[in-house]
Amino acid sequence: MLWPLAALEVIRGAPTASAWSAIHARQALVYGVFATIGFIALLVVPFTIAFAPALGTGGTIVVYEIALPLDVLYVIVAIAIAVRCAARSQRGELFALPIVSPIADAVFGRR
């Protein structure tokens with residue numbers, strides 16, 4: 001994901017940037033961080049389950065057979081949400097994401 005670019009925009013805080021631009025940069029940063037944390041968590045779960053002593057080789061393969069499609073689905077959904085948000089902001093919409101926007105407001109304050 002490209003959320004590190006949003007982090008640079010939030011940190012840099014160009015004086016000529018509009019409030020609209022700042023709001024969307026903060027939302028992109030928070031969404032990107034959460035999407036990345038979620039993906040890492042999805043990758044870690046089967047890895048930790050695979051260490052169960054009673055699981056065996058066959059069980060480990062089954063765990064990864066289940067986990068891999070879930071990882072792919074997660075990435076597709078996360079990218080679809082990001083592309084949809086990018087298209088909305090490109091059209092000039094001012095919008096709020098249900099979970100992301102309140103967290104962005106709490107972390108960065110309403111400006």
Side-chain angles (χ1 to χ4, degrees):
M1 295 291 225
L2 298 175
W3 65 265
L5 295 176
L8 289 174
E9 183 65 28
V10 169
I11 292 168
R12 186 175 55 127
T16 58
S18 65
W20 174 89
S21 175
I23 288 169
H24 286 305
R26 292 192 302 265
Q27 287 178 350
L29 174 59
V30 172
Y31 174 75
V33 168
F34 281 156
T36 302
I37 290 170
F39 187 65
I40 290 171
L42 270 176
L43 291 174
V44 168
V45 168
F47 182 71
T48 56
I49 292 173
F51 281 111
L55 199 56
T57 306
T60 301
I61 292 170
V62 169
V63 167
Y64 277 97
E65 284 178 344
I66 294 169
L68 184 61
L70 291 176
D71 292 342
V72 171
L73 179 64
Y74 182 86
V75 168
I76 290 170
V77 169
I79 289 173
I81 291 170
V83 167
R84 191 178 76 226
C85 290
R88 288 178 71 185
S89 65
Q90 192 174 24
R91 288 191 301 265
E93 288 183 45
L94 181 61
F95 58 91
L97 299 172
I99 296 171
V100 172
S101 296
I103 294 172
D105 291 342
V107 171
F108 298 107
R110 283 197 164 205
R111 295 180 194 164

Just distance, no hydrogens or angles: give the donor-acceptor pairs under 3.5 Å from side chains in residues 92-103, sequence neighbours left out.
{"residue": "Glu93", "atom": "OE1", "partner": "Arg88", "partner atom": "NE", "Å": "3.0"}
{"residue": "Glu93", "atom": "OE1", "partner": "Arg88", "partner atom": "NH2", "Å": "3.3"}
{"residue": "Glu93", "atom": "OE2", "partner": "Arg91", "partner atom": "NE", "Å": "3.2"}
{"residue": "Glu93", "atom": "OE2", "partner": "Arg91", "partner atom": "NH2", "Å": "2.9"}
{"residue": "Ser101", "atom": "OG", "partner": "Gln27", "partner atom": "NE2", "Å": "2.8"}
{"residue": "Ser101", "atom": "OG", "partner": "Leu97", "partner atom": "N", "Å": "2.7"}
{"residue": "Ser101", "atom": "OG", "partner": "Leu97", "partner atom": "O", "Å": "3.2"}

Nearest-0.5 Å distance, CZ of residue Arg26 to OG of residue Ser21 | 9.5 Å
Using the test side chain to side chain contact (heavy atoms under 4.5 Å, CB included), find all partners of Ala28 that sit at least two apart in sequence or belong to another chain.
-> Ala6
With sequence neighbours left out, write down each residue that passes ring-ring contact (aromatic ring centres under 6.0 Å, His included) with Phe34, or none if nothing qualifies.
-> none
Would a hydrophobic clustering, with Ile, Leu, Val, Met, Phe, Trp and Tyr connected at side-chain separations under 4.5 Å, put Leu29 with Val107?
-> yes
Path from Leu42 to Val75 over hydrophobic side-chain contacts below 4.5 Å = yes
Find the distance between CD1 (Ile81) and CD1 (Ile76) and round it off to the nearest 0.5 Å.
-> 12.5 Å
How would you list all residue pairs meeting side chain to side chain donor-acceptor pair (under 3.5 Å) that involve residues 39-57, not counting sequence neighbours?
-> none
Enumerate the residue pairs fulfilling salt bridge (charged side-chain N to carboxylate O under 4.0 Å, His left out) with a member in residues 8-22, sequence neighbours excluded, ordered by first and then second residue.
-> Glu9-Arg12
Would you please name every residue forming a side chain to side chain donor-acceptor pair (under 3.5 Å) with Arg84, sequence neighbours left out?
-> none
Residues at least two apart in sequence or cross-chain that pass side chain to side chain contact (heavy atoms under 4.5 Å, CB included) with Val63, listed by chain then number, are Pro46, Ile49, Leu55
Other than Val62, what residues sit in its cluster of Ile, Leu, Val, Met, Phe, Trp and Tyr side chains whose heavy atoms are under 4.5 Å apart, directly or through others?
-> Ile66, Leu70
With Leu73, which residues qualify under side chain to side chain contact (heavy atoms under 4.5 Å, CB included), at least two apart?
-> Val77
For Ile40, check side chain to side chain contact (heavy atoms under 4.5 Å, CB included) against everything at least two apart and list the hits.
-> Thr36, Val44
May I have all residue pairs that pass ring-ring contact (aromatic ring centres under 6.0 Å, His included) and include part of residues 35-57, sequence neighbours excluded?
-> Phe47-Phe51
Give every residue pair that meets the ring-ring contact (aromatic ring centres under 6.0 Å, His included) criterion with at least one member in residues 63-83, sequence neighbours excluded.
-> none
